[in-house]
Amino acid sequence: MADPKGFLTHGREVARSRPVGERVRDWNEVLVPGSLLPIISEQAGRCMDCGIPFCHNGCPLGNLIPEWNDYAYRDRWAEASERLHATNNFPEFTGRLCPAPCESACVLGINQSPVTIKNVEVTIIDKAWDNGTVKPRPPERLSGRTVAVIGSGPAGLAAAQQLTRAGHTVAVYERADRVGGLLRYGIPEFKMEKRHINRRIEQMRAEGTRFRTGVEIGRDLTATDLRKRYDAVVIAAGATTARDLPVPGRELNGVHQAMEYLPLANKVQEGDHVTPPISAEGKHVIVIGGGDTGADCVGTAHRQGAASVTQLEIMPRPGDDRNPVAQPWPTFPLLYKVTSAHEEGGRRVYSVSTTHFEGDEDGNVQWLHLVEVEFADGRLNRKSGTERRIPAQLVTLAMGFTGTDRDNGLVEQFGLELDERGNIARDADFRTNVPGVFVAGDAGRGQSLIVWAIAEGRSAAHAVDRHLTGASDLPAPIRPTDRSLTV
């Protein structure tokens, strides 16, 4: 146990953020560089080393949290990194982007503030990179088997790295011009600088993984050709079909899906554009959707110089504290969350529904009309007399995703079956109905968290390795049917 009295003598202390006025003028990560290291040993010492560490249940990766907390407390960073990487291929991604269901399941959180698990995690991996502890791990011998991975998001990268280390020759196909999937173009730079992706890709290249960017399976390369070239295929293409808003005025200029808007801002940071083709500068911005993608749009609009930013959510405002009856420990509670983007300004409006958009004579959106709503008897009802309009010169739709892409021909060319939710169907071994074709991540699970994507990639890699060789020593942390610890 790190510090037997740590949770009694020290309170929770999180990373410091840079002042709002400073950080909205750049695209760097919001945390003060180096601010975690002076406090992290004390924070890791708050870990209770529980007899049954429920943080393991909160995280689908099965991260060995008490173990690397103990190592971090004792400044044994190499051992902490080894324990961290034992279950997680990319802790620098999860340590920055995951909403930390492990902290919601922390036993200390029953009656105190939980351990800052996420902050400890990111400190360990950043220290490991700085110390040169993270090195390529190429296989000792090659199996002679080949695998194609479609998609380079967290699920695809995790599957590719595991299979490469098992000795298979792996090629990752990415339809975008750079590797990373939504990590690259869906996550703003201020949440995770892309240098973290770049150095992981270089590690994977050194291990033997090959990357093919700008190749879309179904358009640039047919499914038939891919199956002829490889012994197995892992589809990790994500659930990129965005939920739309079919109301009058949807066709107006200035109404965009979030994943039309966010990638262009990231491409500016990559040097592809001087200014983004879709910009919030000087505009009244409306973000429809209250989740993480919506918050990403809010923070991006702030940095582009929006005149105002308003975020709309159809659901009521969540509570500030866990409801012990409706959302008991150790489930992941739905709470009111203030992200770094919300700290920077803007307005959040709950329990409203968009009725239509209004434009000018040139077809540009100018107003958004909404009405207040309430849920009663399981139904969504409009409240009479609450209709109003708000100025809107840029609208982003961040209402989630409904399934994998069907427009590029990938599903039809492979002959894949879909489940009732529009995801690619798979059996208990992540196999689709097509022999030798497996599916991992959001493409099979539906829209989910980054930790679930990495866990799926690792588990699918185990299934593929066993399919190719008859047995596998690769870990399989989850089953396709496993779900988050919720009520």
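When reading the values below, keep in mind they use all heavy atoms of this one structure, side chains included, and skip hydrogens, waters and symmetry mates.
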Judged by modelled atom types alone, do Ser17 and Glu343 share a side-chain donor-acceptor pair under 3.5 Å?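 Absent: no donor and acceptor within the cut-off.
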Is there a donor in the side chain of Asn198 and an acceptor in the side chain of Arg184, or the other way round, less than 3.5 Å apart?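 There is such a pair between these side chains.
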Presence of salt bridge, Glu456 and Arg445, under 4.0 angstrom: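 The answer is yes: the pair qualifies as a salt bridge.
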Are Arg466 and Asp429 within salt-bridge range, i.e. N to O under 4.0 Å?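 Between Asp429 and Arg466 there is a salt bridge, with a charged N closer than 4.0 Å to a carboxylate O.
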Within-4.5 Å side-chain heavy-atom neighbours: [X] and [Y]:
X      : Y      : value
Trp27  : Thr300 : yes
Val439 : Val437 : no
Leu474 : Val464 : no
Met192 : Ile197 : yes
Asp177 : Glu270 : no
Thr146 : Arg229 : no

I'd like to know if the side chain of [X] and the backbone of [Y] have a donor-acceptor N/O pair within less than 3.5 Å.
X      : Y      : answer
Arg458 : Ala158 : no
Asp419 : Arg421 : yes
Arg243 : Met399 : yes

Would you sort out whether Gln257 and Phe401 count as a side-chain contact (heavy atoms from CB on, under 4.5 Å), showing the intermediate values? CA-CA 11 Å; Gln257 288 287 353; Phe401 302 88; over 6 Å; no
For side-chain contact (heavy atoms from CB on, under 4.5 Å), just list the numbers for Phe430 and His462, CA-CA rounded to whole Å, side-chain angles, deciding distance to a tenth of an Å, and then say yes or no. CA-CA 10 Å; Phe430 294 86; His462 170 93; over 6 Å; no
Val170 and Met204: side-chain contact (heavy atoms from CB on, under 4.5 Å), yes or no, with the steps? CA-CA 10 Å; Val170 181; Met204 292 179 66; over 6 Å; no
Atom CD of Gln203 and atom CZ of Arg137: how far apart are they, to the nearest 0.5 Å?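 Rounded to the nearest 0.5 Å, the CD-CZ separation comes out at 8.5 Å.
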